[in-house]
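Hydrogens, waters and symmetry mates play no part in the numbers below; they use all other heavy atoms, side chains included. Proteins come first, then strands; the chains are lettered A, B, ... in the order of their sequence lines, and each starts at number 1.
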Amino acid sequence: MKQSEVYVPIYVSDTVNQLLIKEICAGLEEEGVPYVCKHLAEETIRFTSLRVTIVVKRTNEIAIFHEKLPDRAYLIEKDLNGRKAGQNAARMVKGQPLVIEEE
Amino acid sequence: MAEQLIAGIDIGNSSTEVAIVEVRGNEAVFLTEHLVPTTGIKGTVMNCKGVAECLQRAMEKIDKKIEDLSIVRINDAVPVIGDLAMDVISETVITESSMIGHNPDTPGGEGIGIGQTILMEQLVEHATEQQAYIVVVSKQFDYEWVAYQFNKLVEKGIQITGVIVQKDDGVLIHNRLQVKVPIVDEVTMIEKVPIGKKAAIEVAAPGHVIRMLSNPYGLSTVFDLTPYETKQVAPVAKSLVGNRSAVVIRTPEGQIKERKIESGSVLMIGDRSSIKVNITDGADEVMGTYKRIGVLQDVMGEQGTNAGAMLNGLRHNLSEITNQRIEEISITDLLAVDTKIPTSIRGALAGEITMESGVALASMVKTKKTSIQTVAAKLEALVGASVEVGGVEAEMAIMGALTTPGTECPIVILDMGGGSTDAATTDEKGVTRTVHLAGAGDMVTMLINTELSLHDLELAEKIKMYPLGKVQSLYHMQLEDGTYLFSEEPFSPDAFGKVVLREGHEITPLPVRHSMEEIRAIRREAKRKIFVTNAIRALEQVIPTRNIRHISFVVMLGGSALDFEIPEMINDELSKYGIVSGFANIRGTEGPRNAVATGLVLSTLNGCVSER
């Protein structure tokens, strides 16, 4: 892990709905946390210095991982609310309360 | 003589306690004790259910049945009962004018913008170059499109000075603008924003609060106000203080005023004199007046005012509880406490709240002699053991308190319960003096519930009882004293980043946006205002010389003496008067609980011993 990697990586498979990815990115951007989209098939999943990673598999299920808990997703966003998932990933980086039941 | 099982039962305002003792000849052994919530109002037959359950549980602990009991002794409950009331005494009303003052987590940009409000829908067609605009964007618009339109219009020479957004899109729009402007987002009731009016928007830099719109002279500068208008607009500035972002919209016909509700006065009738005191003068003034009138006989509220309504409400409740006519109810003690009540501002757009000053009252009334004999008879039928009514509650409590190691007569006890704060003392001759004051644990709960606007008494009760922590990562939280606590298991996502209550290992996230420090301050202030005030009041009244410096030892009893910070607060305060105080440790094992129940069984024992 390089120190210069200050962003939340979003690993996406190529069958994932593009609008969903855009919403995840918007969620992170609104919270002011940098992000980079990566291709799930071509790269191995890693953590950066922000310690939070988003993985979106074919099922359109958004899983948010934390480096300190690598075995399982800390949060799973099932109702395809990309904005909320991005927001929560950003809030995990910032240590702020997560958006849990709204909407 | 055969062994006997004796139960002592203390029916309190909020809990019923039992102590069970086995007597063999002159020897008495405490076997067990138990505590349940009191059922119904203390001193009524409703209590029997709780008492029976309490006995049942206690006997189960020692593998015995209720039938094995020889004697059950219950306390002669003190015939006083208390109630609480609370109301605001100031109110901010903003009519025909509008403001938004809130703290979205992520507003966009920073700075101040002044312009005319216009809907996004009308911007493209109707905007002219002569006018500066603050654009109102409802949730149907996508941030990309909004930013694109703004950039295009600004290039054409249209001035956009600020944006009000319904969705949480402030940063997204801001990042895409070529000319940066302040943006307030998450304005849910955006349809209420007046259109075509002069408005000012302000967003502060991260970590700062707004300065211009929260200052009356800032508002007068922005809107060109006359001194008279500035005075009118001052409540708006006041209610925006401390926000990170705000919008103020002037509606010319606007009338902004802060009007004081007729909070009214109370007439305190004492044995020496009667004095009327205005509630708006504050709790200190009310309590000061109380001291000057001698022994309180009754309190009357001014009709048609908040004070009157509060006292009437109290009287009404108390007459229902005690089954006495309203005219027969006379208030024997009153505790007034200043409080801040979060109240939604009338005329605000985004459900803003302001902290209005308020007053909380606790009062105590004497009831007719409680029908404790009826309770005893009913109980006898219910449990099948002989039930007798024990001595005076205060004497029993003192007798129980004296089982604390290191205590001796003369002693002063301070019994801090849920409904009342009581004090009692005996001198060398065995003469007992007692006082029963209004305001105790339940009032603390009420203050916490209101000041944090929880609308959940159960949660407020927990906030009163347990210390706080702030979850800072998956595995650690900061505690109130600044130290850290690490967890082996990750905290659940709904607690992440939140202020939580720590009940042993259980943690409960709190549904409030206050910081840990704010919640702690509210909790401690509520306890201090009620218990420290009442401890001093109670001791002053119970000591014959009326000077609490003449007391050397105070033993604290009751549920609130179990609290993790109340005893230390009282200790702090009383040490200023050279008094040694601490919470009791009944029988060396029970802590501040079970004093009366213990006293009740001990009193029979003394009887036995002297008979022989």
When you look at B:D168 and A:K84, which way does the salt bridge (Lys or Arg N to Asp or Glu O under 4.0 Å) test go after all the steps?
CA-CA 11 Å; B:D168 185 9; A:K84 194 170 107 190; over 6 Å; no

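- Taking every heavy atom of both residues into account, A:Y74 and B:F491 meet most closely at OH-O, 2.5 Å.
- Ionic pairing of A:R83 and B:D169 is present here: one or more N-O contacts between side-chain nitrogen and carboxylate oxygen are shorter than 4.0 angstrom.
- Looking at A:L75, the atoms closer than 4.5 Å to chain B (heavy atoms on both sides) all sit in the side chain, from C-beta outward.
- Inspection of the A:E30 and B:N175 side chains reveals no N or O donor paired with an N or O acceptor under 3.5 Å.
- Considering only heavy-atom pairs separated by less than 4.5 Å from chain B, the leading option among A:G27, A:G32, A:G95 is A:G95.
- Contacts of B:P490 with chain A are made by side-chain atoms alone, with heavy-atom separations under 4.5 Å and no backbone atom involved.
- Other residues, nucleotides and ligands place no more than 12 heavy atoms under 6.0 Å from the NZ atom of B:K462.
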Using the side chain to side chain contact (heavy atoms under 4.5 Å, CB included) rule, take A:E29 and B:T106 through it: C-alpha gap first, then chi angles, then the decisive distance, then the call.
CA-CA 10 Å; A:E29 185 183 338; B:T106 51; over 6 Å; no

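- Chain A forms the most heavy-atom pairs under 4.5 Å with one residue out of B:P493, B:P509, B:G170, B:A495, and that residue is B:P493.
- Counting heavy atoms of neighbouring residues, nucleotides and ligands inside a 6.0 Å radius, atom NZ of B:K180 exceeds 12 of them.
- The CG atom of B:L474 lies 10.5 Å from the CZ atom of A:R51; values are rounded to the nearest 0.5 Å.
- Taking CG of A:L98 as the reference point, atom OG of B:S492 lies at 9.5 Å (rounded to 0.5 Å).
- Interatomic distance, NZ of B:K498 versus CD1 of A:I100, reported as 7.0 Å (0.5 Å rounding).
- Heavy-atom contacts from other residues, nucleotides or ligands closer than 6.0 Å to CD of B:Q140 number more than 12.
- Checking A:Q96 against B:D105 by side-chain atom types alone, no donor-acceptor pair falls below 3.5 Å.
- One N or O on the side chain of B:Y475 and one on the backbone of A:K68 form a donor-acceptor pair closer than 3.5 Å.
- The minimum heavy-atom distance linking B:F496 with A:R91 is given by the pair CE2-O, 3.6 Å.
- Counted within 6.0 Å of CD on B:E506, heavy atoms from surrounding residues, nucleotides or ligands total 12 or fewer; the atom is thus considered open.
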